[in-house]
Q: 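Have a look at this one.
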Amino acid sequence: MKYSIEKSEKYTKLLLNEEKLDTLKAPSLKSEIITLYQSGTINLILNLSNVKYVDSSGLSAVLVANRLSKEVGGYLVLVGVTDHVMKLVKISKLDHVLNILPTEEEAVDAIFLNEIEKDFNGEE
Amino acid sequence: MTQKIRVSCSKSNLKTIRDFVNSVLGEHEIPDKEMNLIIVAIDEVCSNLIIHSHSCNSADELEIRITSESENLVFEIIDQGEIFNITDYSVPTMEKVIKNKKNGGIGLILVKKIMDRIQIEKNEGLNVCRLYKSLAR
């Protein structure tokens with residue numbers, strides 16, 4: 001599976017360089033996501049702008065990220081979600097569960113806002 | 001008109017199946033978004049059969065038939081062996097899938113939402129999973 005990872009202090013960006021996120025590719029993504037969270041990732045931006053086709057195994061990989069993110073109190077954001085992927089996300093009602101934003105910039109803003117809220121709530 | 005393809009039960013053949021469905025659907029005036037959803041549904045049923053019913057045994061085979069009659073499409077996925085009755089399967093809600101921390105079942109949620117009707121038939125050792133989709137809007 002082709003992808004690139006960029007880590008910064010507050011978040012990790014994972015850009016998938018695959019057009020298809022299916023049964024053949026999704027297990028590698030799942031495994032990479034698990035590795036990221038094991039190595040300390042809290043907030044993750046998953047850039048799906050290159051993904052034109054997804055199936056249930058691809059959605060399942062995203063749900064693994066969602067679960068791990070919740071476990072560490074992090075914030076997961078999907079960005080660049082293409083029409084086909086969005087259609088499946090909506091059919092399966094995952095749009096009510098996942099944070100989906102158009103761009104990485106907006107995702108970074110949302111993560112910073114979430115971090116501020118966490119700090120604020122922690123101080124209360 | 002019916003068009004068909006026969007493939008061995010290997011995961012790598014899912015692409016062959018998707019390409020076949022894509023080329024048949026390409027002969028109809030179906031919007032890309034709708035076409036992609038139908039491809040996902042067929043892919044989900046076939047991958048379920050290949051992985052769970054046939055344990056990716058490439059000695060086993062699946063046959064996919066697509067029949068088009070005016071605005072109706074009928075997809076038949078035919079295999080031999082242990083039947084997987086999708087119509088008996090109680091599809092979990094997405095809330096349940098997330099709550100139970102198990103991601104199985106998403107595929108069938110998609111199939112049931114995308115297709116209009118699903119029928120299962122067992123006939124002389126052959127299992128037929130028949131999926132109906134109307135293109136009428």
Side-chain angles (χ1 to χ4, degrees), chain A residues 1-2 18-34 37 46 48-72 74-76 78 81-100, chain B residues 7 9-19 21-22 25 30-52 54-56 86 89 91-116 133:
Chain A
M1 194 188 63
K2 287 178 247 158
E18 294 284 354
E19 282 209 353
K20 289 187 165 66
L21 183 53
D22 57 10
T23 324
L24 292 177
K25 301 283 165 60
S28 316
L29 175 62
K30 251 184 217 181
S31 141
E32 187 52 49
I33 286 169
I34 291 169
Y37 281 100
L46 197 51
L48 300 177
S49 54
N50 295 317
V51 180
K52 307 280 182 279
Y53 182 92
V54 73
D55 68 6
S56 66
S57 54
L59 293 180
S60 160
V62 173
L63 280 182
V64 167
N66 181 59
R67 191 169 77 230
L68 295 176
S69 160
K70 282 199 161 46
E71 280 175 14
V72 296
Y75 201 78
L76 167 75
L78 268 54
V81 180
T82 57
D83 284 356
H84 167 69
V85 178
M86 187 56 104
K87 187 103 188 171
L88 281 188
V89 164
K90 283 188 173 168
I91 282 181
S92 50
K93 294 185 179 165
L94 283 176
D95 52 330
H96 300 301
V97 177
L98 300 167
N99 303 309
I100 303 171
Chain B
V7 295
C9 288
S10 147
K11 273 205 262 183
S12 57
N13 276 330
L14 287 169
K15 183 182 182 311
T16 313
I17 294 169
R18 287 199 299 259
D19 290 347
V21 177
N22 189 49
L25 296 183
I30 306 173
D32 282 354
K33 273 191 198 174
E34 191 72 18
M35 194 147 107
N36 274 328
L37 290 180
I38 297 173
I39 294 170
V40 168
I42 303 304
D43 182 78
E44 294 293 346
V45 175
C46 292
S47 71
N48 250 316
L49 289 174
I50 288 174
I51 297 166
H52 301 299
H54 294 274
S55 309
C56 301
I86 187 174
Y89 184 82
V91 174
T93 60
M94 193 50 81
E95 290 77 17
K96 221 173 221 177
V97 169
I98 293 164
K99 198 177 161 199
N100 293 343
K101 300 186 179 180
K102 283 181 189 164
N103 295 326
I106 304 174
L108 295 180
I109 293 177
L110 296 177
V111 175
K112 289 196 169 181
K113 293 216 170 174
I114 293 168
M115 290 301 186
D116 298 327
K133 182 73 183 173

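Letters A, B, ... are given to chains in the order of the sequence lines, protein chains preceding strands, and every chain is numbered from 1.
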Q: Identify all side-chain donor-acceptor contacts of residues 35-45 of chain B below 3.5 Å with residues at least two apart in sequence or on another chain.
A:
from	atom 1	to	atom 2	distance (Å)
B:Asp43	OD1	B:Arg18	NH1	3.1
B:Glu44	OE1	A:Ser56	OG	2.6
B:Glu44	OE2	A:Ser56	N	2.6
B:Glu44	OE2	A:Ser56	OG	3.1

Q: Going by residue number, which parts of residues 9-17 of chain B are within reach of chain A, meaning a heavy-atom gap below 4.5 Å?
A: B:Lys11, B:Leu14
Q: Need one label for A:Lys70: side chain, backbone, both or neither, based on atoms under 4.5 Å from any heavy atom in chain B.
A: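 For A:Lys70, no heavy atom lies under 4.5 Å from chain B.
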Q: Suppose the criterion is side-chain hydrogen bond (donor to acceptor under 3.5 Å, both in side chains): which pairs have a residue in residues 81-91 of chain A, not counting sequence neighbours?
A: none
Q: Would you say the side chain of B:Ile106 lies within less than 4.5 Å of the side chain of A:Leu63, judging by non-hydrogen atoms?
A: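 Side-chain contact under 4.5 Å: yes.
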Q: If you count heavy-atom pairs under 4.5 Å between each of A:Leu24, A:Asp22, A:Asn66 and chain B, which one has the most?
A: A:Asp22
Q: So what's closer than 4.5 Å to chain B heavy atoms on A:Val54: side chain, backbone, both or neither?
A: backbone
Q: State, with a plain yes or no, whether a side-chain heavy atom of A:Met86 is found less than 4.5 Å away from one of B:Lys33.
A: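 They are not in side-chain contact.
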Q: Test of understanding: with side chain to side chain contact (heavy atoms under 4.5 Å, CB included), list the residues that count as partners of A:Ser69, not counting sequence neighbours.
A: A:Tyr37, A:Leu76
Q: Identify which part of A:Leu88 has an atom lying under 4.5 Å from any heavy atom of chain B, answering side chain, backbone, both or neither.
A: both
